[in-house]
Amino acid sequence: MTLHILMLVSMFIAVIWTVLAPTLIGSALGLGITSSILTIIMFQFNAPLAAVFELSICTGLISVVFISTIGLSNPLSYTEMVKRKMNRFKRFIFLPLIILLIEIYFINNRLPFDFKPATVVSNHDVSTIFWNVRHLDIVGQIFLLFVGVIGVIVFFKEKERK
Amino acid sequence: MATLLFIIPILIILFLNSPFPGLSLRGKAYPITTTFALIQVVVILLAGTNRFNSLDSFFQQHLHLSFQVDNLSLFIMLTAGIITASAALTGENTISDKEQYKFYFHNLLLLNIGSLNALACTTDIFSMYIFIEVTALICFILIALKFDVLAYEGAFKYIMITSVATLFMLTAIALAMMIAGGTGFSQIKTAIESGSGTSTVMKTAIAIFLIGTFIKAGVVPFHAWVPDAYSSAPTAVSILLAGIASKAMGMYTLMRFLKSVFGFNPQIGSILLAVGMLTVIVGALGALPQKDLKRLLAYSSISQNGYILLGLGAGTQLGFAGAVFHFFNHAIFKSSLFANTAALEQRLGTLDIDKINGRGSKMTFTAATSVIASLSAAGIPPLAGFWSKLIILIALWQSGNYFLTFLAATAGILTLAYLLSFQRRVFFASGDDNQDQNVTEADNVLLYSPLLFCSLTILIGVLIPYFLGSIILPVDKIL
Amino acid sequence: MNSYHYLQILILLPLAAAFVPFLMRTKSFNLSNGLLTLAITCINLYLTVQLHGQELVFQLPWIGYGFEILLNLNKLNSLVLFGIALSGVIWIIYSISFLAENNNASLIYGFFLLTIGFSNGALLADNLLLLLFFWESLLIPLFGMILCGGKNSFQSAIKAVIISGVGDLMLMTGTVLVVLKCGALPISKMHIPLEGSMNYAFLLIFFGAIAKAGSVPFHTWIPDAATEAPLPFMAILPACIEKFLGIYLVGRIVMDMFIIAPNSAMSIFIMSIGVAGILAAVLMALIQKDYKKLLAYHAISQVGYMILGIGTGTPVGMIGGLFHMFNHVVYKFCLFLTAGAVEFRTSTTDLNKLGGLFWKMPITFISFLVAAFSISGVPPFNGFFSKELVYDGALEAGKIFYFGAIAGSFLTAASFLKLGHAVYFGKPGEETSKASEAPVLMLIPMITLASLCVYLGLYNQFPITKIEHVLGEAKLAGKHFYGWPHSTALVVATVIALVLAVINHIYGYFKSGKGIGAVDHIHHAPFLSDVYDLAEKKAFDPFEIGKKFINSMAMLLRAIDSGIDWIYEGYLNGGAKIFSDLICSIHTGSYSVYMIWSLVGSAFIIAFLVNSL
């Protein structure tokens, strides 16, 4: 139990770091840490399939997207950043209102709970799931790894050249 | 066989990037990629003969990959092989001058073909999702390989808009898993057939998965990334994107789901028909006023997507076969046209139709292949494109959508209009007298793939009786 | 390999081989391409001999709806296949020598191979659509071969294609009618009674067939092409292969597709067409002043005999018609080859310039003589026997047809007397004085064909028995038609006609003093001269009439078109432009706009599916 609480706290810290990080790289790093902690929590709660999915998507994929994107972009100057932030606020000023409207709609028209969730029986341990059930995803991860490495090499080289 | 075609690209990449100098094949990436792609074509064509079963079963035993190969997968893998070979050939002249980037380009091509093979043969929606994402990422990097602002913009737009699709697909998978208790095709199918298909959650899952495939395929109104991505990418990448990558991610996934997962029903059919018709018309109208050759081709690609959707929306076996056949034909003629633009760009240095203004007339071979491919795209008999469009129209008619059949046939005229007007302005306009007259035919390496594609178009079109009954119509059946 | 696979080889081998001459078409390849073509035609001949007498069927899936690639070898088409193959071999032996110095020789060989392949296909096809496919494909080599004649040949080529195209269009329309009625039934199993729309279908297909055979009124391109196109083209296509194909199809529709009763209205109609063709064309042939043109008109006129014979619907007429088809090919081929030999040595075919070649080119003359006797129906050459059979059938059907036919025979003999006199006797002209005998390679085909004329006449039991097999025992009712003609009266009548022709020639010769003027008294006869004047001005040419008609139609349509154009430009085109500009303008490149489209689209789709599924 204490372990779970500890995990939750550390994940929370990682999330805060992700949002508040001054650079994009820091942000990406925070996201990676968040999702890996989440994976561990899912394993702890005996949901290994979900854990593997989480690991596949967030730690692998999203990080690659992030890093490649960073490779393509240049950091803004401070004044530009402030301007952009104001713009963003202006653009999203109606967002809370829209969310509120949607919520009102769904409160009035409840989604019918008309299905029976299947119970995922998992009598496999983590390593079985990892290596015997979802191993195609693992190979997929290897693909992602290659793509990520090539992406990073290509973009950072080109950035340096410029 | 599928396992082999999936594993070998990784092994090749390991060899290519081997840290030991003796084992490294760094300089030979181009021939290796081309050869592998062509070998894949041959292997697929020999698939019926079970020649590779013993070798394949060895890998199958040790890797336990739950691959299942049917006619549809074979079709996709065949197309992937042909298009990858063509992209590799064209890449020699269109990727940046630095050897290093060419090397990475070929690495990515190999990864891409491996990932497409896995995508075509897997039986699990989550694995499918993973490989869709791998392909999407590869495309993202490839588009940016041109290293200019436009290319970056195209790449960004691509990854950002398709990330919506990613989100949708993932949500759909989660919802489906919640109901079915797993992510295998058969599991979900059983769940839908046993009555869960009518629950709101499942309906939502189906709907948002459909949208995800629409975005990935680039159909109206989810098409906005297509013109930017296709036109700003290096031409070899445009070939890959238009020919197989975006189609496999969107259209193939859609076909697979219609066939093996949630099946066809009239509501999905009407969505497909509505979106398909909109796509055909908006794509064709959008292509008409374009001044940039690659942009025009991108819009044409959108428009042709619509025909595939119409074929699927007819809901009959004939319509499905027509859609798959059109998928293949579109890959062939659009890649041929893109390869021609590479030739034009090499010699004329521009792809602006107004600036070209007939200067392409000296490039006889390019002009000829381009005209043939355009005629196939417009559905002129006896080229291959005519037959696939005809099958789709017949299927539409048989399914009772007479008005849509009429509209789709009429939109064919628009297709002819924009393709022929660009042919006229690029190759047959008289042009100004003071333009440079010493334009010559492009390098040989840029002529191979148009030659291959045009002979395929003509051969398939003329010998259609041999293909129709034996290959195209049974595409819906399990091998 | 099963022998039915040979059927596709018959079609595919020549078509595939045609690529070689098309790819290597410089003059230096003339000989090698010629030898290749010779080899292919020899294989073709060998196969047709091997396949003769067998009945084979070959099937492959095709466009669906029950239409397959259905090839069927039966008694009739195996005979015609053999005929085409044999004439192909003879033709190429002649052409290798004749075309040796021609720049377009390789192209001609290529088109010839295409012709062989397509016509084999048309003969073997047992499915109307497949037949139509090959039939139409034959227009390609037709057009191409005429074009090989040089600069002026383009007009002739266009004319040939348009006139043949009209025929093909009729065939197509007829095919559609038949397909609507019978579906994908093989031709050999049709046997449709003539009633309702099938009357029109029959007429349309019949016209399609005789258009290919070059009968009146679809003939006008042949004399034009005679002077423009290369001579080997004239010898092989209009005189030989197209006759085979056209008459084969006429025979096929009369025997297999439809049921034609003797003395029915349709039979009388067909016979009228036949007789009209004989007379109209032979009258034109009579006054020609050019070797090749004269032969071309005869090629048209002789079709009339075949149509007349088949149109009688009686066994004797049909056998006569089909036998006449083979005979015609043999002697007309031979005649064209002599024309070629004369042209080769004197570089002209104008009768005014020719003369006195009897001593210079004796072998050519003898071949000409045999063939000319044959075409005029002099016993005991082959033409005589087939014509007698046709007369027999015509007499049975009605005296008027018989008299028309025999009048044609008289005029034919008269015009050949004139031709022979003008070319081989009389005073040698400037061009002819230096002429010598034709090369051996050109003589061999001529001698072969001339001896075939004699052989088919003297030993007519062999060919006629073969043709009797085609009709089948049931129709023959135990009768046989070979040997000397049964009716002595008919023979006497024929001989009288021939003698009259000779008297007429002598009269004309003494009147005008020249061989070439021997028929001038007919030319300038009171009524005929006016008709001839009009014909020379092409007043009877459906092509020219059609051209005038089309010109006036074009003026009218242009007026209508500009009106439509105005609407199109103003509204449709403008509308499309507005729409496409609109679509362009909303593609602003803004990421958020695109995102909004996607989300709105998604909302619609989700709402629709969730509410309706």
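All of these numbers come straight from a predicted model, not from anything done at the bench. Quick note: numbers below take in every heavy atom, side chains included, and nothing from hydrogens, waters or symmetry partners. Order of the sequence lines sets the chain letters (A, B, ...), proteins ahead of strands, with each chain counted from 1.
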| Checking side-chain contact (heavy atoms from CB on, under 4.5 Å) for the pair B/Val164/C/Tyr594: CA distance, chi angles, key distance, verdict? | CA-CA 11 Å; B/Val164 177; C/Tyr594 290 172; over 6 Å; no
| CZ (C/Phe604) with more than 12 external heavy atoms under 6.0 Å | no
| Checking B/Leu210 against chain C: side chain, backbone, both or neither under 4.5 Å from a heavy atom? | side chain
| field | Reported CD1-to-CD1 distance for the pair B/Ile206 and C/Ile606, which is rounded to 0.5 angstrom | value | 12.5 Å
| query | Taking side chain as C-beta onward, heavy atoms only, is C/Ser580 less than 4.5 Å from B/Tyr418? | reply | no
| note | CG (C/Leu609) and CD1 (B/Ile208) are apart, to the nearest 0.5 Å, by 11.0 Å
| said: Taking atom NZ as the centre, does C/Lys577 end up with more than 12 heavy-atom neighbours from other residues, nucleotides or ligands that are less than 6.0 angstrom away? | reply: no
| Do C/Trp597 and B/His223 touch side chain to side chain, with heavy atoms closer than 4.5 Å? | yes
| task | Could you check if a side-chain atom of B/Phe214 sits within less than 4.5 angstrom of a side-chain atom of C/Ser602, using non-hydrogen atoms only? | result | no
| request: Indicate the atoms forming the closest heavy-atom contact of C/Gly601 with B/Pro221, along with that distance. | output: CA-CG, 4.1 Å
| task | State the CZ-CD1 distance between C/Phe608 and B/Ile268, to the nearest 0.5 angstrom. | result | 10.0 Å
| query | Under a 4.5 Å heavy-atom cut-off, does chain C meet the side chain of B/Val282, its backbone, both or neither? | reply | both
| Residue pair C/Ile605 / B/Phe222, side-chain heavy-atom distance below 4.5 Å | yes
| Going by the angle between their ring planes, with limits at 30° and 60°, are B/Tyr299 and C/His587 parallel, tilted or perpendicular? | perpendicular
| note | Ranked by heavy-atom pairs below 4.5 Å to chain C, first place among B/Leu285, B/Ile161, B/Leu288 goes to B/Leu285
| query | When you look at CZ of C/Phe22, are more than 12 heavy atoms from neighbouring residues, nucleotides or ligands closer to it than 6.0 Å? | reply | yes
